[in-house]
Amino acid sequence: MRNTFADPRSSLVEPVLSWFDDACRPLPWRSPDVTPWGILVSEFMCQQTQVDRVIPRWHLWLDRWPSPADLAGADVADAIRLWDRLGYPRRAKWLHESAVIIRDEHGGQVPTATESLRALPGVGEYTAAAVQAFAFGLPSVVLDTNVRRVIARTLNGQAQPRSHVTNAERAQAAALLEHDRPAEWSAAVMEFGALICRAAQPACDGCPVARMCRWRTDGYPAPEFEIRRQAAFAGSDRQARGRIMSLLRAADGPITPSAIESAWHDAPQIARALDGLVKDALIEQTPPGDFRLRSTAEGQPAQSAQIDH
DNA sequence: AACTCGGGGCC
DNA sequence: GGCCCAGAGTT
């Protein structure tokens with residue numbers, strides 16, 4: 001007789017969906033009146049940033065730019081300012097560029113087709129699938145770090161997934177969509193990975209699928225390979241970039257190079273960071289040689305650029 | 001396939 | 001101090 005756990009749709013999907021129906025967090029972008037744009041913004045913000053840090057920033061962003069056209073008409077410098085300390089400010093720039101494309105090429109509506117979504121800067125495999133599932137209810141293979149970890153543990157008996165997505169994972173994830181609640185499953189399994197099947201200290205006590213989890217029944221085998229350790233943040237180029245962006249976000253006008261250098265201990269490092277930020281088109285140099293956030297606004301400052309009645 | 005890219009929460 | 005986080009783009 002076959003293992004009753006042979007079909008993960010009954011052993012994994014059903015329990016996790018039931019768990020989710022009761023335990024899911026009331027995240028603001030799960031509210032029924034949220035637009036696809038609101039979902040897209042949430043996905044950009046949640047890339048490599050914890051949900052709890054995103055929530056207040058998501059509210060501020062949608063209050064200010066409730067539609068793609070609203071953001072598309074704004075100065076990218078203001079987008080970077082409102083992004084504030086969420087990290088990876090290129091995401092704010094990409095979101096602004098995506099808004100322009102949505103306004104100009106999609107009639108102001110977030111597209112649903114995979115090719116159209118992937119053509120938006122900052123929208124990769126995960127984000128495109130997430131928008132399809134969470135904004136449009138479509139069955140799509142949503143593979144974020146949570147889903148990958150749940151599959152690795154429960155189905156494959158591995159402590160953690162590999163460093164990059166494999167086709168085998170995609171096939172496993174696709175098989176888990178073969179029921180009548182595919183989009184809800186994608187949300188449920190992400191939530192399950194975030195709250196129960198956590199990377200550190202998984203909550204196996206009270207886990208609804210503890211009995212079928214291969215990692216658990218195999219005795220929690222150690223990871224099969226080392227995860228590449230990320231470099232220390234203190235004193236890093238990334239921190240130097242962040243310091244510059246912090247100064248420029250807070251400034252009303254351009255800042256002199258000497259003012260920027262005085263805010264960092266390593267002159268060559270800050271010079272490299274400035275060069276990189278200019279190359280990334282996050283900042284720009286004014287004719288006198290001062291630095292400011294790159295602006296896409298034309299002509300005069302916002303006050304003079306207001307519409308005249 | 002390996003790098004780079006913020007910043008903070010948590011242990 | 002290290003680890004992790006609803007990843008994506010570049011080389």
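Chain naming here is simple, since letters A, B, ... match the order of the sequence lines and numbering starts at 1 in each. All values derive from a computational prediction rather than experimental measurement.
- If you check every strand for non-hydrogen atoms under 4.0 Å, A:Gln230 touches a base.
- Under 3.5 Å, the side chain of A:Thr145 and the base of C:dG7 form no donor-acceptor pair of N or O atoms.
- Open room surrounds CG on A:Asp252; 12 or fewer heavy atoms of other groups in view lie less than 6.0 Å from it.
- Note on A:Val142: nothing from the nucleic acid sits closer than 4.0 angstrom, heavy atoms only.
- Separation of the P atoms belonging to B:dC3 and C:dA6 is 24 Å when rounded to the nearest angstrom.
- Side-chain atoms of A:Arg238 and base atoms of B:dG6 include a donor and an acceptor less than 3.5 Å apart.
- If you take CD of A:Gln50 and P of B:dG6, they are 16 Å apart, rounded to a whole angstrom.
- The side chain of A:Gln48 contributes an N or O atom lying less than 4.0 Å from OP1 or OP2 of C:dG7.
- If you check every strand for non-hydrogen atoms under 4.0 Å, A:Trp29 touches a base.
- Across the protein-nucleic acid pair, A:Met190 atom CE and C:dG7 atom P stand 7 Å apart, rounded to whole Å.
- Between the side chain of A:Arg53 and the base of B:dG7 there is at least one donor-acceptor pair of N/O atoms closer than 3.5 Å.
- Protein atom CD of A:Gln201 is 13 Å distant from nucleotide atom P of C:dC5, rounded to whole Å.
- Atom name P, nucleotides B:dG8 and C:dA8: the rounded distance is 23 Å, in whole Å.
- OP1 or OP2 of C:dA8 sits under 4.0 Å from a side-chain N or O of A:Thr127.
- Placement of A:Ile283 and A:Leu86 in two distinct hydrophobic clusters is found when ILVMFWY residues are connected by side-chain heavy-atom separations under 4.5 Å, directly or transitively.
- As a whole-Å value, the separation of A:Glu184 CD from C:dA6 C1' is 18 Å.
- Taking the ring centroids of A:Trp83 and A:Trp61, they lie under the 6.0 Å cut-off.
- Atom CZ in A:Phe233 sits roughly 15 Å away from atom P in B:dT4 (whole-Å rounding).
- The interatomic distance linking A:Leu40 (CG) with C:dA8 (C1') rounds to 14 Å, in whole Å.
- The side chain of A:Arg241 contributes an N or O atom lying less than 4.0 Å from OP1 or OP2 of B:dG6.
- Within the nucleic acid shown, A:Ala199 comes within 4.0 Å of sugar-phosphate atoms alone, with no base atom in reach, counting heavy atoms only.
- Atom CZ of A:Arg170 is surrounded by more than 12 heavy atoms from other residues, nucleotides or ligands within 6.0 Å.
- In this structure, the side chains of A:Pro221 and A:Gln158 stay at 4.5 Å or more apart for every pair of heavy atoms.
- Atom CD of A:Gln47 is separated from atom OG1 of A:Thr127 by 4.0 Å, given to the nearest 0.5 angstrom.
- Between A:Arg91 atom CZ and C:dA6 atom P there is a gap of 12 Å when expressed in whole angstrom units.
- For the residue pair A:Asp237/A:Gln269, the side-chain donor-acceptor check at 3.5 Å is satisfied.
- Using P as the reference atom, B:dG6 and C:dT11 are 15 Å apart when rounded to the nearest Å.
- Here A:Gly124 lies in heavy-atom contact (under 4.0 Å) with sugar-phosphate atoms only.
- Mapping A:Arg25 and A:Ala232 onto DNA chain C by nearest heavy atom places A:Ala232 closer to the 5' end of the strand.
- Contacts of A:Arg272 with the nucleic acid, taken as non-hydrogen atoms under 4.0 Å apart, are absent.
- Nearest-nucleotide positions on DNA chain C for A:Arg149 and A:Ala128 put A:Arg149 closer to the 5' end.
- The nearest whole Å value for the distance from the CD atom in A:Gln160 to the P atom in C:dC4 is 7 Å.
- Note on A:Leu27: a base of the nucleic acid sits closer than 4.0 angstrom, heavy atoms only.
- Both A:Asp84 and A:Ser163 lie close to DNA chain B; mapped to their nearest nucleotides by heavy-atom distance, the more 5′-ward contact belongs to A:Ser163.
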